[in-house]
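Numbering starts at 1 and runs along the sequence shown. We count ligands from 1, going down the list as the structure has it; atoms in each ligand are counted the same way.
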Amino acid sequence: MILVTGGAGFIGANFVLDWLAGTDEPVVNLDKLTYAGNLQTLASLDGDKRHVFVQGDIGDGALIDRLLAEHQPRAVVNFAAESHVDRSIHGPEDFIQTNVLGTFRLLEAVRGYWSQLPAERKSAFRFLHVSTDEVYGTLSPTDPAFTEENKYEPNSPYSASKAASDHLVRAWHHTYGLPVLTTNCSNNYGPFHFPEKLIPLMIVNALAGKPLPVYGDGMQVRDWLYVKDHCSAIRRVLEAGRLGETYNVGGWNEKPNIEIVKTVCALLDELQPRADGKAYAEQISYVTDRPGHDRRYAIDARKLERELGWKPAETFETGIRKTVEWYLANQEWVRNVQSGGYRDWVAKQYGDKAKEGTQ
Ligand code: NAD
Ligand code: TYD
């Protein structure tokens, strides 16, 4: 049994789905179901006894204590976070609450549980913390990609809160010996991505005939990783990562934003042409830049490749095509997200049983 937090969000849900497709080891999935949590993403697991969903907060220490005591997991994988940079600029408080305080409470509960495990289970236990490359700050066009040795220089409230959580995880290892692993990943994309982030927003807006807002000059660079490759990296680190180490995860796919948007438009032109025969790229609209916008992220993932033999399965070209095809084939999921209908899903599917939180 493993405990996954944030498993109703984009990456966490992909992780849970892939995990249960590859093994029968059950998952307890603790998720607060904020606006970003969507149980419809996990609909294919309805009735599957290997998946125990619990609605609750990683900051609820009593709840975590109870879940750990009841389910006796051999590992915790912490995806739960507030994750959107723009939201962190407009309202940083939730980011501090969940990413900093929430991680602290989770670490404390896990430490209490882990410290009383019998010796063999204690040494086999793992706490894997999922973090981001954004903690390293921003690169100039000629800087080498981020390695695990880069200084932490977070620039947004989001990245600062993630950096704080990474430091807590590090300290809980150094001070208390908690067997932790941290992964720092580049920008993910793929199925079930909430359409407030660049790639899904562009797909959804293009199909709806809306403008495609490109911040500033569109020349900011991000390094893209297909979400299922991120999930395989996490499984590999959980299996064989060295305790207390951090591992960068990336697919060597640096692209300027405008190129991403044009690629999405070209795929849509091919797969679902506009009724008026015009190009989707005509909907591109340059808008005011994000304050403090980091210019470039790039990940050097050689440590993970060298030490643990991990490699991504997708190139950007194969992954982005799969992603656009997925959104075209899953319009109901998109409509439910846009209408807010996905928020009723928990009540419909789980009733009050899922609401085990003590707050
Ligand atoms: P997401 O916003 O799609 O999902 C986050 C999930 O966490 C949601 O289901 C939400 O309901 C849940 N959650 C939020 N606060 C919670 C709390 N207090 N208690 C329990 N659950 C809570 O995010 P994502 O894109 O899936 O990211 C997952 C993790 O990966 C985050 O830690 C993020 O920082 C990290 N990460 C994301 C990316 C990316 O490109 N999306 C890249 C690198 C790292
Ligand atoms: P985003 O998906 O929010 O991820 P992050 O900020 O964590 O990298 O944004 C990716 C890039 O796309 C980032 O440089 C901001 C830019 N962007 C736009 O140009 N327009 C948009 O509407 C959004 C959401 C992002």
Side-chain angles (χ1 to χ4, degrees), residues 4-16 29-39 41-42 54-60 63-64 77-89 94-95 97-99 101-103 105-106 129-135 138 155-156 158-159 161-163 165-166 183-190 192-202 205 211-225 227 230-231 234 248-250 255-258 260-261 284-290 292-297 299 346 357 359:
V4 168
T5 72
F10 164 48
I11 306 173
N14 273 288
F15 180 85
V16 169
N29 183 350
L30 172 71
D31 194 295
K32 188 177 176 180
L33 295 179
T34 68
Y35 80 93
N38 184 349
L39 283 179
T41 301
L42 298 165
V54 179
Q55 184 175 9
D57 195 320
I58 57 165
D60 183 346
L63 171 63
I64 313 280
V77 184
N78 182 31
F79 292 95
E82 288 293 336
S83 72
H84 189 38
V85 174
D86 291 326
R87 282 181 190 257
S88 82
I89 294 168
D94 286 348
F95 289 73
Q97 204 61 44
T98 284
N99 301 1
L101 278 171
T103 304
R105 300 249 183 257
L106 180 64
H129 179 62
V130 179
S131 191
T132 167
D133 58 359
E134 304 192 21
V135 296
T138 187
N155 290 321
S156 71
Y158 164 67
S159 56
S161 69
K162 289 297 290 187
S165 69
D166 295 6
T183 53
N184 293 85
C185 189
S186 59
N187 286 59
N188 284 218
Y189 68 101
F192 304 115
H193 205 179
F194 195 86
E196 65 181 353
K197 306 275 171 72
L198 180 70
I199 290 179
L201 183 73
M202 295 300 142
N205 274 13
L212 308 180
V214 173
Y215 298 165
D217 63 2
M219 289 307 291
Q220 304 83 7
V221 171
R222 296 293 182 266
D223 188 355
W224 294 92
L225 183 70
V227 63
H230 186 189
C231 294
I234 292 171
N248 282 355
V249 191
K255 310 266 178 211
N257 292 337
I258 188 64
I260 298 290
V261 177
I284 291 173
S285 161
Y286 287 90
V287 300
T288 309
D289 207 353
R290 171 189 281 173
H293 199 168
D294 284 339
R295 199 65 188 165
R296 175 176 166 238
Y297 304 141
I299 275 279
V346 63
Q359 292 178 334

Worksheet item: Can a donor-acceptor pair be found between the side chains of Tyr215 and Gln220 at a distance below 3.5 Å?
Response: no
Worksheet item: Got the closest protein heavy atom to atom 8 (C) of ligand 1, with its distance?
Response: Asp31 OD2, 3.5 Å
Fill in: Identity and separation of the nearest protein heavy atom to atom 7 (O) of ligand 2
Glu134 OE2, 2.6 Å
Worksheet entry | Contact (N/O only, under 3.5 Å) between Lys32 and ligand 1 | yes
Practice prompt. Kindly identify the option in Leu101, Ile11, Ile199, Ile64 whose heavy atom sits closest to atom 27 (O) of ligand 1.
Written response: Ile11
Fill in: atom 24 (C) of ligand 2 [closest protein heavy-atom partner, distance rounded to 0.1 Å]
Glu196 O, 3.2 Å
Fill in: Part of Asn257 with heavy atoms under 4.0 Å of ligand 2, whether side chain, backbone, both or neither
side chain
Worksheet item: Looking only at side chains, do Lys32 and Thr98 share a donor and an acceptor under 3.5 Å apart?
Response: no
Practice prompt. Please report which non-hydrogen protein atom sits nearest to atom 9 (O) of ligand 2, along with the residue it belongs to and the distance in Å to one decimal place.
Written response: Arg290 NH2, 3.9 Å
Worksheet item: Of Ser88, Ser161, Ser131, which meets side chain to side chain donor-acceptor pair (under 3.5 Å) against Asn99?
Response: Ser161
Worksheet item: How does Asn187 reach ligand 2, if at all, at less than 4.0 Å between non-hydrogen atoms: by side chain, backbone, both, or neither?
Response: side chain
Fill in: Under 3.5 Å side-chain donor-acceptor pair for Ser186 and Asp223
no
Worksheet item: Of all the non-hydrogen atoms in the protein, which one sits nearest to atom 34 (O) of ligand 1, and at what distance?
Response: Tyr158 OH, 2.6 Å
Practice prompt. Please confirm whether Gly59 comes within less than 3.5 Å of ligand 1 when only nitrogen or oxygen atoms on both sides are compared.
Written response: no
Discussion item. Taking distance alone, with N or O pairs closer than 3.5 Å, would you say Ala80 contacts ligand 1?
Written reply: no
Practice prompt. Would you please name every residue forming a side-chain contact (heavy atoms from CB on, under 4.5 Å) with Ala80, sequence neighbours left out?
Written response: Thr5, Ile58, Asn78
Worksheet item: Is it the case that His129 and Asp166 place a side-chain donor and acceptor less than 3.5 Å from each other?
Response: yes
Discussion item. Below the 3.5 angstrom mark, is there an N/O of Asp57, backbone or side chain, next to an N/O of ligand 1?
Written reply: yes
Item to complete: Please say whether Cys185 places an N or O atom under 3.5 Å from an N or O atom belonging to ligand 1.
Response: no
Worksheet item: Quick check: does Thr98 get an N/O under 3.5 Å from an N/O on ligand 1?
Response: yes
Worksheet entry | Sub-3.5 Å N/O-N/O distance, His193 and ligand 1 | no
Worksheet item: Hey, is Leu201 touching ligand 2 through its side chain, its backbone, both or neither, going by heavy atoms under 4.0 Å?
Response: side chain
Practice prompt. Tell me whether the centres of the aromatic rings in Tyr35 and Phe194 are closer together than 6.0 Å.
Written response: yes
Practice prompt. May I ask you to identify the nearest protein heavy atom to atom 32 (O) of ligand 1, giving residue, atom name and distance to one decimal place in Å?
Written response: Lys162 NZ, 2.6 Å
Discussion item. Quick test: of every protein heavy atom, which one is nearest to atom 25 (C) of ligand 2, and how far off is it to 0.1 Å?
Written reply: Tyr215 CE1, 3.6 Å
Worksheet item: Is Ser83 in polar range of ligand 1, meaning some N or O pair under 3.5 Å apart?
Response: yes
Fill in: Residue selection (non-hydrogen contact nearest atom 14 (C) of ligand 1) among Gly37, Ala81, Gly6
Ala81
Worksheet item: Nearest to atom 14 (O) of ligand 2, what protein heavy atom do you find, and at what distance?
Response: His293 NE2, 2.7 Å
Worksheet item: Which residue from Thr34, Asp60, Thr103 reaches closest to atom 10 (C) of ligand 1 through any of its heavy atoms?
Response: Thr34
Worksheet item: In the protein, what heavy atom is nearest to atom 29 (C) of ligand 1, and what distance, to one decimal place, separates them?
Response: Phe79 O, 3.2 Å
